[in-house]
Structure formats: C-alpha cells, structure tokens
Amino acid sequence: MGGDTHNSSGLPPFTLTGLPGLEASQHWMILLLGLLYTVSIVGNSLILFIIKEEQSLHQPMYYFLSLLSINDLGVSFSTLPTVLATFCFQIREISFNSCMAQMFFIHFFSFIESGILLVMSFDRYVAICHPLRYATVLTDARVVQMGMSAIIRSFCMIFPLPFLLLRLPFCKANVLSHAYCLHPDLIRLPCGDITINNIFGLFIVISTFGLDSALILLSYVLILRSVLAIASREERLKTLNTCVSHMCAVFIFYVPMVGVSMAARYGRHAPPYVHTLMSLIYLFVPPMLNPVIYSIKTKEIRRRLCKILLRRKF
C-alpha cells in the first residue's frame, strides 16, 4: 500500500475479488452460484406462497418460518448485485457508500436469522414442554412482538458499524477479499486505529450469536429432558421429529459461521480461496437449504408443493 490515504470524506471506492487462486474455475463458479441463487429465491418464495395459501399453516411455527424465508431472501438479494457484477460482468469496483450499505444489510439479515432461530427454538420448547399453554403463550400478538424484537435488536447492533468505519482514514489500495462487503474484511483496510471497531464487533457477536446459541442449546436440553420422560419410544421419536427441521436450520447456520470465524483467526496461512469459499458457504448455503429441509420434513408443505407441481405438469 502506498503512503497516500483517503479520508472517509473522500469516499474511496473498493475493489471486489472473485476467487483468488481459482481463476480457471470462474465459469463453474458462475454456474454454481446461479444454481444456489435460483434454489434460494424460488424455494423461499414457494414456502411463503404455501404458508399464505394453506390455512392449516396459519400458526406460530409457520409464521416464524415465513419470517425465516423472508430473511433468507434478504440475504440472497443483499449479495446478488455485486456477485453478478464480479463474476458475470467483471465489474469489480464498488463505491464507498454502496459498500457500506451492502455490509449493513448482509450483517443485518445475518443477525436477524440468529434471532429467528432463537424464537423458533422457544416455539418448540413451549410446544413440547408446555403443550397445554401453547395457544395462550404464543398468541398472534406475541409472535409479532418476538419477530419485531429480532429485527429491532439486529438494527440496533448493526447501525453503528458504518459510522465507526466512516471516521477512519482508508489506504489507497482498498482491495476486498470477497465479491461483497463484510465488516471483518473492511476493518483490515483503514490506516487508523481500529481498536474500537474490533471491541464493538466482538461485543455484538458475543451478545447476539453467542447468547442466542447458548439459549437455543438450553431450550433443547429442556426439550430432551421432557422427551425422555415420555414412556413410549414411538411417542419420543414422533415428538423429536417435530424439531428435526429446526435443528438442521440451526446446524447449517452456526457451523459455517464458526468455520468462517476460526479460519479468520487461525487460518492466516491458508490459501486465499479457502477463506472465500468458506464465506460463500456461510452466506449462500443456509438460504438455499432451509426451504429444501422444511419442504422435505414438513408434511403440509410437502403435500401442497406436490399439488403445485402436479398442477403445472398437467
């Protein structure tokens, strides 16, 4: 990097990258990303349509699933513009303001997803551990309050990030490691002191992802304790089967996130494409797999989906 710097008031542009070290595989990557986007957008849109049309699905569990599908669409559309520009049209420059906006929305939807998975675990806890109180605890008003709480919390956590970056001077070569803007990537570029950014970033990760994952684990410990008290083995399996979709959603969200975090901290000597591929898995796989999992594991959604497909066929 040169000695010249741009202050945030100069709004320096950023340069996006595709797959460093795997330039020969770019065409295959375009096909893969296209498939992931298609499955994610079509799958989540179908989930929303089915829940809207199927009266039997108008209950808290599926309201939360609708919110998850809307959020997954938000994640997909947040990365879509720059990914298309980078891989398909070779447009690698993004303005400072556009990068800040994309960073905000990517992390905003990511934090919301963690909150949605938490309230979905609470839904399963009440349904299994306190079934007689389910209707009185999870009223429509409370479902709305829980959903809005996840959204408001995410907004309050992410809102300061662009402003903390705006106060810093940026070096001349603002080259990012991905085809989209992420906060951990952006804070490597300023020439000034990023201590506050690092502390605040660690705080919001612990107070959201850390707290949410701990509470989700606690809910499943309580669920497992309640299920083990059921005498019939068949009833135990039937009860646990209602949690399989949510457990899969939790797994495919938190495991890639932990992998990205571990790679950033301990994989500094790994090839650049390893970090890029892991971030792609983190941002692209959950929105693609969530509708697939719920379509396979939820009988009502699967039945309605079959009707739609048969109607199209004939």
Side-chain angles (χ1 to χ4, degrees), residues 36 39-76 109-110 112-131 134 137-138 143 146-147 150 209 212-213 215-228 230 234-258 281-309:
L36 292 175
V39 174
S40 174
I41 294 170
V42 173
N44 285 295
S45 298
L46 276 173
I47 292 287
L48 290 171
F49 174 77
I50 290 170
I51 292 175
K52 177 180 178 294
E53 296 295 318
E54 192 72 40
Q55 290 294 322
S56 63
L57 300 181
H58 292 182
Q59 48 185 297
M61 174 183 173
Y62 299 104
Y63 293 150
F64 292 136
L65 177 57
S66 297
L67 189 57
L68 182 65
S69 292
I70 293 171
N71 189 76
D72 284 340
L73 287 172
V75 172
S76 296
F109 288 118
S110 181
I112 289 178
E113 181 143 353
S114 180
I116 296 170
L117 293 174
L118 175 60
V119 297
M120 291 177 83
S121 71
F122 179 72
D123 170 87
R124 292 298 82 206
Y125 164 73
V126 176
I128 293 172
C129 299
H130 304 284
Y134 185 82
V137 172
L138 286 166
V143 168
M146 292 168 72
F209 295 138
D212 291 352
S213 58
L215 291 174
I216 290 171
L217 178 62
L218 174 62
S219 69
Y220 273 101
V221 169
L222 297 174
I223 287 170
L224 188 60
R225 188 180 68 174
S226 179
V227 168
L228 291 176
I230 300 173
E234 289 75 15
E235 284 298 317
R236 288 201 298 267
L237 292 175
K238 183 179 178 181
T239 303
L240 283 175
N241 192 52
T242 64
C243 300
V244 170
S245 299
H246 178 256
M247 287 189 290
C248 290
V250 170
F251 182 80
I252 64 174
F253 176 75
Y254 281 104
V255 169
M257 183 190 69
V258 171
I281 292 171
Y282 169 56
L283 287 173
F284 287 76
V285 171
M288 183 270 292
L289 282 184
N290 282 336
V292 174
I293 291 169
Y294 277 96
S295 297
I296 293 172
K297 294 301 297 180
T298 308
K299 182 174 65 177
E300 293 85 353
I301 293 177
R302 187 171 65 246
R303 185 173 62 242
R304 185 60 184 251
L305 184 59
C306 289
K307 287 182 181 178
I308 292 173
L309 294 175

> Going through the checks in order, is the side-chain contact (heavy atoms from CB on, under 4.5 Å) test met by L73 and L48?
Replying inline: CA-CA 11 Å; L73 287 172; L48 290 171; 3.8 Å; yes

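- Closest approach of F253 to S110, counting heavy atoms only: CZ-O, 3.5 Å.
- Checked against salt bridge (charged side-chain N to carboxylate O under 4.0 Å, His left out), D212 has the following partners two or more places apart in sequence or in another chain: R153.
- Taken from SG in C306 to CD1 in I301, the straight-line distance is 12.0 Å, to the nearest 0.5 Å.
- No side-chain donor-acceptor contact under 3.5 Å links N71 to the backbone of L67.
- When all heavy atoms of I223 and C129 are compared, the closest pair comes out as CA-SG, 3.9 Å.
- Applying the side chain to side chain donor-acceptor pair (under 3.5 Å) rule to T298 yields no partners; only residues at least two apart in sequence or on another chain are considered.
- Taken to the nearest 0.5 Å, the CG atom of L240 stands 9.5 Å off from the OH atom of Y220.
- Considering all non-hydrogen atoms of both residues, F64 and V143 come closest at CE2-CG1, 3.8 Å.
- Remark: the backbone N or O of L222 is not paired with any side-chain donor or acceptor of S226 at under 3.5 angstrom.
- V75 places none of its side-chain heavy atoms less than 4.5 Å from the side chain of F284.
- Annotation for S76 and S40: closest pair OG-OG, 2.7 Å, computed over non-hydrogen atoms.
- Side-chain contact check for L138 versus M146: some heavy-atom pair is nearer than 4.5 Å.
- Listed here is the closest heavy atom pair of I252 and P286: O-CG, 3.3 Å.
- Residues satisfying the side chain to side chain donor-acceptor pair (under 3.5 Å) criterion with N290, sequence neighbours excluded, are D72, E113.
- Taking NE2 of H58 as the reference point, atom CD of E53 lies at 8.0 Å (rounded to 0.5 Å).
- The OH atom of Y294 lies 14.5 Å from the CZ atom of R302; values are rounded to the nearest 0.5 Å.
- Within the 3.5 Å criterion, the main-chain N or O of Y125 finds no donor-acceptor partner in the side chain of H130.
- In this structure a side-chain-to-backbone donor-acceptor pair under 3.5 Å is present from S45 to I41.
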>> Run the side-chain contact (heavy atoms from CB on, under 4.5 Å) test on K52 and Y62 for me, step by step, so that the C-alpha distance in whole Å, both residues' side-chain angles and the decisive distance to 0.1 Å come before the verdict.
In response: CA-CA 10 Å; K52 177 180 178 294; Y62 299 104; over 6 Å; no

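- Residues S114 and Y254 have side chains that bring a donor and an acceptor to within less than 3.5 angstrom of each other.
- Rounded to the nearest 0.5 angstrom, M120 CE and R124 CZ are separated by 8.5 Å.
- A side chain to side chain contact (heavy atoms under 4.5 Å, CB included) with C243 is found for one member of I128, V227, L224 and no other, namely I128.
- Annotation: the span from K297 atom NZ to T242 atom OG1 amounts to 10.0 Å, rounded to 0.5 Å.
- Residue M288 comes nearest to V39 through the heavy atom pair CG-CG1, 3.5 Å, listed as atom of the first residue, atom of the second, then distance.
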>> Does L215 form a side-chain contact (heavy atoms from CB on, under 4.5 Å) with F122? I'd like the steps, not just the answer.
In response: CA-CA 9 Å; L215 291 174; F122 179 72; over 6 Å; no

